[in-house]
Protein chains: 2
Amino acid sequence: MKESSTKTPYHHGDLPSALRAATAELVAERGPSGFSLREVARRAGVSHAAPAHHFGDSKGLLTAVAADGFGQLNTAFAAAGEGVDDPIERLNAMGKAYVRTAFDFPGHFGVMCSGDLIDHDNETFSHNAERAYETLLQAIRDVRDAVNPNLDVDAAATLTWSMVHGFAVLSLGADNKVDGIEHLDHRIDQFTQLLINGYAAR
Amino acid sequence: MKESSTKTPYHHGDLPSALRAATAELVAERGPSGFSLREVARRAGVSHAAPAHHFGDSKGLLTAVAADGFGQLNTAFAAAGEGVDDPIERLNAMGKAYVRTAFDFPGHFGVMCSGDLIDHDNETFSHNAERAYETLLQAIRDVRDAVNPNLDVDAAATLTWSMVHGFAVLSLGADNKVDGIEHLDHRIDQFTQLLINGYAAR
DNA sequence: CGGCCGCAGTTGCCAGTGTCAAGTTGCTGG
DNA sequence: CCAGCAACTTGACACTGGCAACTGCGGCCG
């Protein structure tokens, strides 16, 4: 997300990045409710008030991590859409990318979902989030153009996003390590099939 | 969910119920992260350790409230399906009932969604939750019988649940008080249309 | 009818938390 | 070389969840 800058900016090296990383790790380990500013500071090897200096308060730090998560999602979307010409295949690939990102960055995803404790009005957060949604919108417009000009793009986008998001949350809740990610990929294939059938009708 | 029992069981009257109610109210006001055992106790007019006596710890109380929420959902499902013969109409009504329940009991719903801080292995919680899912499964079996015998019921159920749940979460996040509930009903109508089209195909 | 046992609820304590204010450290530009 | 400022630390305060020990009331058994 952020490469180490050439001119080491201050004492620690890059404390903000270290704090974001520690937060993601901690949330991945103990869940959002196990997060604490002081524990993050401890893991980064700094004093308990250091995080506040960079992120204001706990909501600020979590919001930054959530924004990073949407950043990851955006790059995953871009990679998934790369060179895929068929709009349906692209939508399918994006769905898989979404779920895969949730599994690859459970800490980030956990924070992104804990609506209450992040600041949705934060600029870079909402920018990243809207960019992801805009990418989905465009993918669905492409599906509309290819499949059914009467498709209500807004409704389909909300439906698709809700579905993938809900599915990712439910899948992360259950223990899907056993079944593995390819089982989820298969599920996404089924969902895409069902959705596209619905979108194509009439 | 629980009528006041005729024989007042102990000092307070019915402290557990009062604590559940206070919890739901508090979460509705301040969100799950604004919840605190002590504030709940304060609102119920008891000492700060009283909740622990009935619910063990904070996770215990929140789990009980989440279980209540699923109870509400079950009664809403039952009421929505009552006397509706067409399986598609029934599924549609259930979707609306889900969203409406989320809006009518935002405290309960907020707790139900905060996966991290409730105990998913709790008996009555998982019982209520599975009952709700089973109701959905049956509704989808009815759709399959009416519309497409080849429909994969499990996949369709996961898809439907994910969709409605995701939609409810996203709708609660946004400020949909302006648009009103009938706008959401309309959205559910659209979604049902799209889903049924998908389910009916081939 | 009386004593006692148990449960509902309380009080007090401890470690830990977020946040704020005031201090300290060390790089940087003039 | 030194002033200033950004990056951090230290210390304090109010609050939290959880535990242990306490009180007091009701019902039950003798």
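As the structure is a prediction and not an experimental result, all values here were calculated from the model.
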- Query: Within this structure, what is the CG-to-C1' distance between B/Leu117 and D/dT16, rounded to whole angstrom?
  - Reply: 15 Å
- Message: Categorize A/Ser58 for me: base, sugar-phosphate, or nothing, with a 4.0 angstrom heavy-atom threshold over every strand shown.
- Response: sugar-phosphate
- Quick one: sort the B/His165 and B/Tyr98 rings into parallel, tilted or perpendicular, breaks at 30° and 60°. perpendicular
- Would you mind reading off the distance between B/His53 atom NE2 and D/dG24 atom C1', rounded to a whole angstrom? 13 Å
- Item | Residue met sooner reading DNA chain D from 5', once A/Ser47 and B/Leu37 are mapped to nucleotides | A/Ser47
- Roughly how many Å is it from CZ in B/Arg43 to C1' in D/dT16, rounded to a whole number? 16 Å
- Message: Please determine whether ring-ring contact (aromatic ring centres under 6.0 Å, His included) holds for the pair B/Phe167 and A/Trp161, giving the CA-CA distance in whole Å, both sets of side-chain angles, and the decisive distance to 0.1 Å.
- Response: CA-CA 8 Å; B/Phe167 178 63; A/Trp161 188 277; over 10 Å; no
- Message: Any carboxylate oxygen within less than 4.0 angstrom of a Lys/Arg side-chain nitrogen, looking at B/Asp185 and B/Arg100?
- Response: yes
- Message: Is the phosphate of D/dC15 approached by B/Arg42 (side-chain N or O, under 4.0 Å from OP1 or OP2)?
- Response: no
- Item | Spacing between B/Glu39 atom CD and D/dG17 atom P, to the nearest angstrom | 10 Å
- Query: NA contact type, B/Ala52, heavy-atom cut-off 4.0 Å: base, sugar-phosphate, or nothing?
  - Reply: nothing
- Using a strict 4.0 Å threshold on nitrogen-to-oxygen distance, state whether B/Glu39 and B/Arg42 make a salt bridge. yes
- Item | Interatomic distance where NZ belongs to A/Lys59 and P belongs to C/dC20 [whole Å] | 13 Å
- Query: Does B/Glu134 come within less than 4.0 Å of B/Arg141, counting only side-chain N to carboxylate O?
  - Reply: yes
- Message: Please determine whether a side-chain nitrogen or oxygen atom of B/His54 lies at a distance below 4.0 Å from atom OP1 or OP2 of C/dG9.
- Response: yes
- Could you label the plane-to-plane angle of the A/Phe125 and A/His120 rings as parallel, tilted or perpendicular, counting under 30° as parallel and over 60° as perpendicular? perpendicular
- Item | Ion pair A/Glu182/A/Arg187, N-O distance below 4.0 Å | no
- Over how many whole Å does the gap from A/Leu19 atom CG to D/dA7 atom C1' extend? 12 Å
- Which whole-number value in Å describes the distance from B/Asp57 CG to D/dA20 P? 14 Å
Output one line per pair: protein atom, nucleotide atom from nucleotides 12-14 of chain C, and distance, for all N/O pairs under 3.5 Å.
{"unit_1": "C/dG12", "atom_1": "O6", "unit_2": "B/His48", "atom_2": "NE2", "d": "3.0"}

- Query: Does D/dT16 have OP1 or OP2 sitting under 4.0 Å from an N or O in the side chain of B/Ser36?
  - Reply: yes
